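Shown next, in structure tokens, is the structure this report addresses.
As the structure is a prediction and not an experimental result, all values here were calculated from the model.
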Amino acid sequence: MAEKKKLFMQGNEACAEGALYAGCRFYAGYPITPSTEIAEYLSRTLPRVGGKFIQMEDEIASISAIAGASLAGLKSMTATSGPGFSLKQEGLGYACMAEIPCVIVDVMRGGPSTGYPTGPSQSDVMQAKWGTHGDHPVIAVTPAYVQEILHETVRAFNLSEKYRTPVLILFDEIVGHMREPVMLPEEGELEVIDREKPTCPPEEYLPYDAGYEIPPLAAFGEGYRFHVTGLNHKDDGFPTNDPEMIQEGIKRIIRKIDNNKEDIWKNEEHYIDGAEVVVFAYGSTARSAKYAVRELRKKGVKAGLLRALTLWPFPDEALKDACQKARAVVVPELNLGQIVYEVERLVDCHVEGIYRVDGEPINPMQIMEAMEKYS
Amino acid sequence: MAEKKKLFMQGNEACAEGALYAGCRFYAGYPITPSTEIAEYLSRTLPRVGGKFIQMEDEIASISAIAGASLAGLKSMTATSGPGFSLKQEGLGYACMAEIPCVIVDVMRGGPSTGYPTGPSQSDVMQAKWGTHGDHPVIAVTPAYVQEILHETVRAFNLSEKYRTPVLILFDEIVGHMREPVMLPEEGELEVIDREKPTCPPEEYLPYDAGYEIPPLAAFGEGYRFHVTGLNHKDDGFPTNDPEMIQEGIKRIIRKIDNNKEDIWKNEEHYIDGAEVVVFAYGSTARSAKYAVRELRKKGVKAGLLRALTLWPFPDEALKDACQKARAVVVPELNLGQIVYEVERLVDCHVEGIYRVDGEPINPMQIMEAMEKYS
Amino acid sequence: MSTAAAVKKPKISVPFDYSKYLRKGKLPHIWCPGCGHGIVLKSLLRAIEKSGLSKDDICMVSGIGCSSRTPGYVDFNTLHTLHGRALSYATGVKLAKPEMKVIVVTGDGDALAIGGNHFIHTCRRNIDMTILVYSNAIYGMTGGQFSPTTPSGSYSTTSRYGNIEPVFDCCELAKASGATFVARGTAYHVQELERIILESLKHKGTSVVEILDSCPVYYGRLNKMKSASQMMELIEKNGTVSVKQVDKLPPEKVQGKLLRGILHKEDRPEYCEEYQKLIDRVSGK
Amino acid sequence: MSTAAAVKKPKISVPFDYSKYLRKGKLPHIWCPGCGHGIVLKSLLRAIEKSGLSKDDICMVSGIGCSSRTPGYVDFNTLHTLHGRALSYATGVKLAKPEMKVIVVTGDGDALAIGGNHFIHTCRRNIDMTILVYSNAIYGMTGGQFSPTTPSGSYSTTSRYGNIEPVFDCCELAKASGATFVARGTAYHVQELERIILESLKHKGTSVVEILDSCPVYYGRLNKMKSASQMMELIEKNGTVSVKQVDKLPPEKVQGKLLRGILHKEDRPEYCEEYQKLIDRVSGK
Amino acid sequence: MTEAAKKLPRIVIQEKLCKGCSICVDFCPTNVLEMRGPVVAVKNLEACTRCQLCDLRCPDFAIQVFD
Amino acid sequence: MTEAAKKLPRIVIQEKLCKGCSICVDFCPTNVLEMRGPVVAVKNLEACTRCQLCDLRCPDFAIQVFD
Amino acid sequence: MGYRYELRFSGSGGQGMILAGIIMAEAACIYEDKMAVQSQSYGPESRGGASKSEVVISDEPIDYPKATSIDCMLALTQEACSKYHKDIKKDGILLVDTEMVAEVPQGDFKVYEAPIIESAREEFGKTIVANIISLGMITEFTGVVSKEAIEKAVLARVPEAFKDLNRRALHFGFEKAKELKGKE
Amino acid sequence: MGYRYELRFSGSGGQGMILAGIIMAEAACIYEDKMAVQSQSYGPESRGGASKSEVVISDEPIDYPKATSIDCMLALTQEACSKYHKDIKKDGILLVDTEMVAEVPQGDFKVYEAPIIESAREEFGKTIVANIISLGMITEFTGVVSKEAIEKAVLARVPEAFKDLNRRALHFGFEKAKELKGKE
Ligand SMILES: Cc1ncc(C[n+]2csc(CCOP(=O)(O)OP(=O)(O)O)c2C)c(N)n1
Ligand SMILES: Cc1ncc(C[n+]2csc(CCOP(=O)(O)OP(=O)(O)O)c2C)c(N)n1
Ligand code: SF4
Ligand code: SF4
Ligand code: SF4
Ligand code: SF4
Ligand code: SF4
Ligand code: SF4
Ligand SMILES: [Mg+2]
Ligand SMILES: [Mg+2]
């Protein structure tokens, strides 16, 4: 990673490269189309840098193993697709509750169920928010370009380490399997954040110290003999039945994300200022939207694009801002309408969804047609 | 079940009795607090009526087994709580996709993760809608009284058989473990619906015949040798890569619920006509709300309650109607705000959520206080 | 590559008519050139013919994988389920209709990796079904990752430096878990396989047949096998020895080889029958 | 109930000081009166003391269940995870920090029901960790449902008419899956158990120790056992026989009994070590 | 040999189904078959013993041998 | 016996920890202990052989025997 | 408008508090024609620790099932007593076990102390009947259900072999309560 | 404004269509200074069946990565040809294999037919180099990348032992295309 080099890479490979750059040294996974190349790439590259790759017996074991490895101090990742993502939900909730940094990639394919394994989709985006039981914090990033996958993977690790929480990377089969030129970042070029470790003496260490917004996390085996559980716990990590502590504990893990939305959000705007018709998009669909908006501007239509790179927490403020002058907002999704619910909740103007679940991408024409109606 | 008898029963037991009444003859499950009594009850009662109870090795096996048994012709059920419900998500999606009637009970407890196993919660309600990957139909009923659990369980089976889709029963630990007097319905007292079976000759049978809104379902071993898969399939049940068929197939399973919302919805209204402040509630929380509304009316406050017994598909029309004259709608939930998102999306008046995740119920006082602000 | 065994007096003089059991218009199947799954399927169909089972009474259940695509081709009650979960669905089917013959076709990944828990518990319960594990030592469907039966040292897309994981002995595992019929066959020894499957179909209880077959496209290419035939020769023919011969052979000829044939058979109460007894007992029938 | 074995010359003259290993202020523990889990924990702590392991170097991982509550009481790096998944979390910990001693405490339900797949795969990989299965033949935590080790015919809240399911032999399963150290002890034979656990801690590779202990509150009450002591006497003492004695005893004294002691031990490459070799090879170290 | 007078077997190859894996060719005990381009073909019918092994091992239901 | 002169052992019972399971009572080889209400008590200290079995088998860290 | 009567039975896991609640509720709703709801709460351990069982009795359908303004509470352990007595309403009743509850809380309610567990042990040889004795006392104190109803409810819930024992324990409770009331 | 050039390589799984797309894209973006995106689509079987690989080349960032108005398409099987030719734009190019594609679609585009697979087999003894021959022809026909760039790209992607073979196949493609163009 020392020299800057232009490579022609698949989205999945870029994701793996991003993980390596971010300092990921542990990967556990179970193969599933269309995410498998991430595992294959890391199975080759991780041992070369002294990292560990393990193919587990299933997806549940995989997410469990990365949480274990993370607690033992390694930055960790797993990758999967819809069916595997469903299986990982319980483990995801555990990582949220126990505040374990780790990164989970979901390369979305056609669903529900086994669905259309080689077809693209964006139909796991609401699952990403609500898939596990109980209230829990969610951070999800949604890159759309191969180079961006690399960068966003680094960002995902950074957010995960900084906020001591699992971070999801969601992209679809199109971007996962697409190849584009990628510049590998040089060392130091991108920010790499490591989790804060405790500096207090071990006896004083409280792994869930409510005095911190994000309590420092010791690694197992380094002298801090702390306890981790998925039960509601006190600030020392031990279970509690005290109603106040239970509620406060859950609220804190949600608050730590809520209070830092500004830092977590990342959006891209195109011609948003004064846009009369806005398209709100994420992932590969946003590429079509960008193309569409550019073409519409050429035609004189006051079209604008808000592209979310952080889908969760939902960019409510940016969306409201973007729609200030808008007559309508168009939401293209490779599903039957998911994020459109969020948009409807937040904006006052007309909302139109464009949905597609036939395994084909939403093309710029579809978006242009919809937007022109409101121009 | 022949004679009408008043019994003092637990919610979980009433659920089991409802299942027996509805004709459930197969139960597969894995124990988990606070749902276990359902399994325990059926392990005793099912064999007495010639039905089968099996304790599987985990929740995944359980939901798989009930789908298998249903395809072989038996009405089937499983019950669980949060962690188990997370594990069942993949299997739930399969049943949606393959259109297999079955009933899944989630007795909600404190989450996320292992959380507070003996504490009540309503924090799986959004998971019920979005928990599995891919777009899929969801029916979820939310009874609040022990007698009602029995009736709603019968209704859940009916909906499942009629619409050939999994149906969720969601209630919380309070109602699951609470005891109230129950009248066991006599034979014939409640409607019991059985799935439609094909009448055509086997050679002509199309298990996913798009000509029907809900295609009849043959049972394995009765001469119709059909194929079932979780892949996108044609109307003959065999996999397809054809974009149009893929899209149409997914849309149909969603449409069959959407088009029949009127039949699936069930709400209870209290003092809704002309209500100036409305509380929208479901499950045990709605009991507190009912109490609160009655007390407020005594005080002269124009309070009204809309209680959803069908939470999914969401009762959008009833909610909009109920809020026509309302200045505000209050949404009490044993979570940190889930269904409130739906309400915000749909109504124009002010929305206020009351949340609690400390393992204690929301009491009528909390609701009254909130509502009085808008009176 | 002609073999002594092969020149034995032919037993079949007219070709077997598979079409009776195949769904119309589904061929060619999706399997790659030289894939062993098709060979196994044919042995299975011949065994079914010999068993006299009626098509209506057979329910074939599978998970996800190349091997698990089998049910789509055959004219039975067929259920293609989720990766690893075939046995759980099959358990539901069987308990609901104990009079049906349930046959599960599954891959080494499907049965032994993600589905390992259902595998051991199904064996433990001794519920009546025939489980055919199409064991090609690789995840074929997802493009060649190692599986729990990929030999140590072998190459796969996730073991580019040689696999460091030890393997399961599927048959040992089945036996230790409680299966009452355990056997191993190969796609090379097609007639022996047919006989083994026939026996497994006749057995009451959980029968597990591990079938060594080959994925020339992934396992083969990654491990420098020149052709499907070479793979069959090396792995299935030379890598195995029949239980019937093992005592007669010198140790060096047995060393490192897998046994073929019926490896374990016992009588134990079958789950559905026990359940029926329970019903009879408590329902006062 | 005094026994011959018990009157042997005492080996300990001062009581063992458990407090060194217990977290302060956590006692009394949540276990019911007479629950075997506490007895097992004490044997484990004595074995740890003898092993010379430092508290900082031990990571204790568990799933969910009464037995899985153990980590909360002991002063190590402790991880109380999800039901059935302890071994997967432990695998992550161990691979990340191979120098740590990983001890997994799990129940018969946690390890063998929902966690069965991770159990067999961990054994297969032979990753270095000690797995203690607290086997009380019941799901204690959820109030007494039968588990994969509940004897056929026994009563539980989900087998009110007597359990019709056959059991797993945990040790056989571990062995067939590849565990390189397999042993069985009981909460009755506390000193033997201490020795067995000590041996398991010294072993490099996956070691499985099945420990028969008792849940007097559920299993006991439902099966008409009068007291915790009676259960221990019937199941742990009379229901087992030491491997060391088995050859000397007449068949009728062995019949139907479970063996105690170290049942299997072999040397096979350990997973983390193999992985390190791979790293050394490809990273050009 | 008097056998020369005997009726020859009929080997039916469904070219649409044959995927050219050459398993039948490689394992025919008497070398009756050969690959011809992407599919199998008969090169020496006389040698055929009707042992059916080609059919039995063909993964693709593509070859049959009739008396 | 001359042993009579020997120092008696000290049996320490933490009543707060004892859950009254009676395991120590039932397995004491020389019947030293007894249940007294909800907790254990010493009834015959002289008989104690210091074998430690009561401690070893107490699930609750509630009893210890010192020399 | 109807009335609402709230009872809370508290103690530790294993003292039969949940059963006591169920029996009281059944007396009201099966053996009399009232409405009743019984609910409970316990820690994740389901063993030991404070446990409570609540019964709401009314002549109308009961919506909110939990006790918030308690008419009568029983406490068989100190922990339960301290933790749960706060919701007793003005002029409500608190019945505590003399042996187990040393620190009796004071408030706007009436307190009765009785050696319930001791009586169970001494008079009936089984501490487990303490809950039935308590039921007798509470019935006598409150009159919320008739003695006939509570007796039927008790007998319906206990196995044949223990019917007599429990009937005696119940009547013992009636008597004890009368004595205590007399003392006032 | 810049240009946008779209290529589609189609055939059946195993014919190296995806590799052809990658090489073309690399020629454009690594060995020349253009932008390029390569994408693909295949059935869930990932074996057999029609498979396609698309390359979009431009001098500006490429947002929409799929081909909708194709400048040049290659078809090595009939199935792929029939299924995928519809998006060829006016005056675009369709190159088909003579042997495999019997029914050549007609349209507003130019069609070149060449015995690509046969040449691969006969001239080079390996049908697998058909994709490299095709790359040579397409480069010659379209000039979308330089011959130097495509050669570098080809050589970078094949193992040492096959470099010479592939170079020859590529040049063979250049020549064949020249011939065909000459015939016009
Ligand atoms: C939950 C889930 N995880 C992963 C996959 C991806 N997947 C499909 S098939 C397969 C492995 C197939 O291997 P095997 O069972 O050996 O069958 P084969 O293809 O070799 O016949 C995998 C990992 C999936 N479909 N679902
Ligand atoms: C996913 C999930 N399923 C079920 C449960 C409920 N549950 C908790 S512990 C347990 C069984 C415990 O039995 P065992 O492992 O034998 O431990 P014991 O309590 O007997 O020591 C179960 C079923 C859970 N917590 N999570
Ligand atoms: S990938 Fe392997 S297992 Fe799958 S069909 Fe091809 S050869 Fe067979
Ligand atoms: S329920 Fe059983 S296993 Fe759990 S603590 Fe009590 S006695 Fe032990
Ligand atoms: S029947 Fe036998 S001899 Fe004849 S072609 Fe086939 S394999 Fe060869
Ligand atoms: S075995 Fe079958 S598919 Fe293979 S070459 Fe012979 S006929 Fe063709
Ligand atoms: S040390 Fe031995 S003899 Fe003394 S009380 Fe304890 S068990 Fe009995
Ligand atoms: S063994 Fe321990 S807990 Fe049990 S009675 Fe004796 S001292 Fe008390
Ligand atoms: Mg395989
Ligand atoms: Mg247990």
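Looking only at side-chain heavy atoms (C-beta outward), G/D33 and B/K6 come within less than 4.5 Å of each other. Residues G/I18 and B/H177 form no side-chain contact, since every pair of their non-hydrogen atoms from C-beta on lies 4.5 Å or further apart. Side-chain atoms of B/Y145 and G/D63, non-hydrogen and from C-beta on, do get closer than 4.5 Å to each other. Counting heavy atoms from C-beta outward, B/M178 and G/V37 have side chains that approach closer than 4.5 Å.
Nearest heavy atoms, B/E180 versus G/I62: OE2-O, 4.1 Å. Residues G/Y64 and B/P361 share a closest heavy-atom pair of OH-CG, 3.5 Å. Summarising the geometry of B/L7 relative to G/I30, their closest heavy-atom pair is C-CD1, 3.9 Å, with the distance given to 0.1 Å. When all heavy atoms are compared, the tightest approach of B/F8 to G/R157 is O-NH2, 4.1 Å.
Both the backbone and the side chain of G/I22 come within contact range of chain B, judged by heavy atoms closer than 4.5 Å. For chain G, no part of B/I367 is nearby; none of its heavy atoms comes within less than 4.5 Å. Interface residue B/I174: only side-chain heavy atoms are found under 4.5 Å from chain G. Using a 4.5 Å cut-off between heavy atoms, B/T33 contacts chain G through its side chain alone, with no backbone atom that close.
The number of heavy atoms from other shown groups lying within 6.0 Å of NZ (G/K126) does not exceed 12. Within 6.0 Å of NZ in B/K302 there are 12 or fewer heavy atoms belonging to other residues, nucleotides or ligands. Within a 6.0 Å radius of NZ in G/K163, more than 12 heavy atoms belonging to other residues, nucleotides or ligands are found. Few gaps surround CD on G/E122; more than 12 heavy atoms of other groups in view lie less than 6.0 Å from it. Counting heavy atoms of neighbouring residues, nucleotides and ligands inside a 6.0 Å radius, atom CZ of G/F124 exceeds 12 of them.
Note that NZ of G/K66 and CZ of B/R287 are 10.5 Å apart. Values are rounded to the nearest 0.5 Å.
Across G/P65, G/C29, G/P61, the residue that shares the most heavy-atom pairs under 4.5 angstrom with chain B is G/C29.
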